Amino acid sequence: MRALIEELCSVFGPSGDEALIRELIGQHLTELVDEIRTDRLGNLIAVRRPTAGNGDGKRIMLAAHMDEIGVMVTHVDAQGFCRFTTIGGVSTNTLIGSRVQFANGVEGAFGMEGSPLSRERPTPQKLFLDVGAKSKEDAAVQIGDTAVFRSSFGAVGDRLFAANLDDRIGCAILIQTLRELESSPHEILAVFTVQEEVGTRGAATAGYGLEPEVVVAIDVTATGDFPEATPMEVALGKGPAIKIMDRRMIVHPKVRGWLENAAKANDIPYQLEVLEFGTTDASAVQISRAGVPAGTVSIPCRYIHTPSQVADLNDARQAVSLLAHALGGEFA
Ligand SMILES: [Zn+2]
């Protein structure tokens, strides 16, 4: 599974430009599902029809987002330096010293106006992107081009380091769940969504179109397990987190109970999550049409939305086990 996560993390896919990562995920799914299609907004929808039970299963949507945060060029000056805007929740504090990569392979380093010894906080207005150009004409990027954060994928034991574990680790978990799930009474709608980082847009339209009876998102969540962290009952290595609430969703008690029961019945370690900021694709589907019972399986992840995110491989493996057991049994 580590190899799958690493492979998914290596592919370009900022919000709105998910074609490459969609193609790769599609290749992994062909043997695993009955039907695959891409919808009008770019969501990849893989359907597996029920293989057990007597027709009393649910239509269950599982959502993991393919897109990642990044930057977009807004202006190239005469010397070839680029001004930019952010795509998704990028903290400008983390930019100096980090590297981005464009779809055409061009690298970019961030610089800031003024003295290198300045203690000034970086603001978007003071920052620029050096794309190796000697002039505007020489620049291999133009207005509207997007880039993603790139640092080499790393691992220390079971701890994984990458710029985009959010949410490629969730995509890997969804693929691996389909591999390990032998039979299910449910119709499974595995959706790899677009544009989550700019406001759960792909999930909103996919949820409307698919009309699921239950939705579960698979995404990363914050932790409270590092020095001076804001208190939060989620830590790396203690199992996947079953969400109770985030900023835009209160998990349906039946969905939470279904997931918790699957964990307990199969001795899968898990944590409970209350996240005081942010949300997932599940929140957009929850309020689609006449409403959909919604929940989230979260992967604890440190330094989310920075170019160096850290998660634990065991949490991802146990998330697969939790989802496979839940989907293999009755809902509720
Ligand atoms: Zn995410």
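Here the structure is a predicted model, which is why all the values come from computation and not from measurement. These numbers come from the heavy atoms of this one structure, side chains and all, not from hydrogens, waters or symmetry mates. Whatever order the structure lists them in is the order used to number ligands and atoms, beginning at 1.
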Rounded to 10°, how big is the angle at the Zn ion (ligand 1) from D219 OD1 to H65 NE2? 100°

Check whether any N, O or S atom of D166, backbone or side chain, sits closer than 2.8 Å to the Zn ion (ligand 1). yes

State whether E68 and R150 are salt-bridged, where the test is any N-O pair (Lys NZ or Arg NE/NH1/NH2 against Asp/Glu carboxylate O) under 4.0 Å. yes

Can you sort out the partners of R48 under side chain to side chain donor-acceptor pair (under 3.5 Å), two or more places apart, ordered by chain and number? none

With sequence neighbours excluded, residues passing side chain to side chain donor-acceptor pair (under 3.5 Å) with E182: none

Is a salt bridge present between R59 and E213, judged by a nitrogen-to-oxygen distance below 4.0 Å? no

Is any N, O or S atom of E196 under 2.8 Å away from the Zn ion (ligand 1)? no

